[in-house]
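First comes the structure, then the notes that go with it.
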2 protein chains.
Amino acid sequence: MSEVNGFSIKQTSEQTGLSDDTIRYYEKIGLLPRAERKANGHRVYRSEDINSMNIILCLKKTGMSLDDMKPYLHLSYGDDLTEFPELYRMLQDHKKNIENQIVELQIIVDFINIKLNRKNVNDSKIH
Amino acid sequence: MSEVNGFSIKQTSEQTGLSDDTIRYYEKIGLLPRAERKANGHRVYRSEDINSMNIILCLKKTGMSLDDMKPYLHLSYGDDLTEFPELYRMLQDHKKNIENQIVELQIIVDFINIKLNRKNVNDSKIH
DNA sequence: ACTTGACTTGGAGTAAGCTCCAAGTTGTAC
DNA sequence: GTACAACTTGGAGCTTACTCCAAGTCAAGT
């Protein structure tokens, strides 16, 4: 169970909250690189892989599709983002989107608060 | 084009940003009530309907499924939310979820800022 | 030797949310 | 009266993101 030997798919699933089927699916669609296999064919994961999965989970929460994540995940460790101006711009745009999402969500929270206090629904516009 | 005669599906589509197919689909699945028809069978929409669609769009942004929206949209104007304790609780829960979403998104924005400044990706955990 | 459990594979199935299509009707413009 | 645009309907098809399945392999335990 120590990291020197890597983690099984089940351990990885437990650590990330992704199901083992989902992890295999991410490999199948090329979102995760083909995992190393042990002699018996079983997948082995290391902390970098788990790190990648956490990044996937984070980007997913912001509404990014699995397909759009691929370019980010395919960058390797030391890569300088400024060498990929399109990616850099996409990430900036994505940040803007998230900031807008936050503003909109805040508006919706205010709206719900009004509903919860006025105790009815369907009677006002948000915009 | 004035509201007295209501809006066509196309006008409604333009006002809400939902495609006409999507509006018909929402009617088909019972998310929107069956729209009034003109003598020729064409759908007519009024500002309450457009209001409902805006509410749908807002709830959608917070990740609520179309199915979960139904009970809220089926409440009528004057209905007192406290008469529907389950709905009231669901709405409170939903607000909590959105507030959590906001916190998480803020963390991701911070993370992206680090990436944009450090100019590389894939090298740190968020949690 | 045999069972059990954790895995492997390719591929099928599922759910949500649209999106598109064909065939038909209606109303206006020329 | 004929072309055209804007609708109608039911139903098929599509995309995303899983989720499940059958059949097989392999290692460890009894």
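Just so it is clear, the values below take in all heavy atoms, side chains as well, and ignore hydrogens, waters and symmetry mates. Chain letters run A, B, ... following the sequence lines, proteins first and then strands; every chain starts at 1.
C/dG11 atom P lies 16 Å from atom CD of A/Glu27, rounded to whole Å. Distance, A/Ile23 CD1 to C/dT9 C1': 17 Å, rounded to whole Å. Atoms CD1 (B/Ile9) and P (C/dT26) sit 18 Å apart, rounded to a whole Å. One atom, NE2 of A/His42, and another, C1' of C/dG5, lie 10 Å apart when rounded to the nearest Å. Separating the NZ atom of A/Lys60 from the C1' atom of D/dT16 is a distance of 10 Å, rounded to the nearest angstrom. Between the C1' atom of C/dT25 and the CZ atom of B/Arg43 lies a distance of 14 Å, rounded to the nearest Å. Atom CG in B/Asp20 sits about 8 Å away from atom P in D/dT8, given to the nearest Å. Here D/dC18 presents its P atom at 5 Å from CG of A/Leu66, a figure rounded to the nearest Å.
Within the nucleic acid shown, B/Arg24 comes within 4.0 Å of at least one base atom, counting heavy atoms only. Nucleic acid contact for B/Lys38: none, since no nucleic acid atom lies under 4.0 Å from a heavy atom of the residue.
The nearest heavy atom of DNA chain D to B/Lys28 and to B/Gly41 marks one nucleotide each, and the one closer to the 5' end goes with B/Gly41. When each of B/Asn40 and B/Asp67 is assigned the nucleotide of DNA chain C with its nearest heavy atom, B/Asp67 is the one assigned upstream, toward the 5' end.
For the pair B/Arg24 and B/Asp20, the salt-bridge criterion is met [side-chain N within less than 4.0 Å of a carboxylate O].
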Worksheet item: Between B/Leu66 and B/Tyr25, does a side chain to side chain contact (heavy atoms under 4.5 Å, CB included) hold up when you go through it step by step?
Response: CA-CA 11 Å; B/Leu66 300 183; B/Tyr25 170 70; 4.0 Å; yes

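For A/Lys10, whose side chain is taken as the heavy atoms from C-beta onward, the closest listed nucleotide among C/dT9, D/dG11, C/dC7 is C/dC7.
Heavy-atom minimum distance, A/Arg46 versus A/Asn5: NH1-C, 4.2 Å.
The side chain of B/Ser8 places an N or O atom within less than 4.0 Å of a non-bridging phosphate oxygen (OP1 or OP2) of D/dC7. Distances shown here put every side-chain N or O of A/Tyr26 at or beyond 4.0 Å from the OP1 or OP2 atom of D/dA17. An OP1 or OP2 oxygen of D/dA17 is reached within less than 4.0 angstrom by no side-chain nitrogen or oxygen of A/Thr22.
Note that the OG atom of B/Ser47 and the CG atom of B/Asp49 stand 8.0 Å from one another [nearest 0.5 Å]. Between atom CG of residue B/Leu73 and atom CG of residue B/Leu31 there is a gap of 5.5 Å, rounded to the nearest 0.5 Å.
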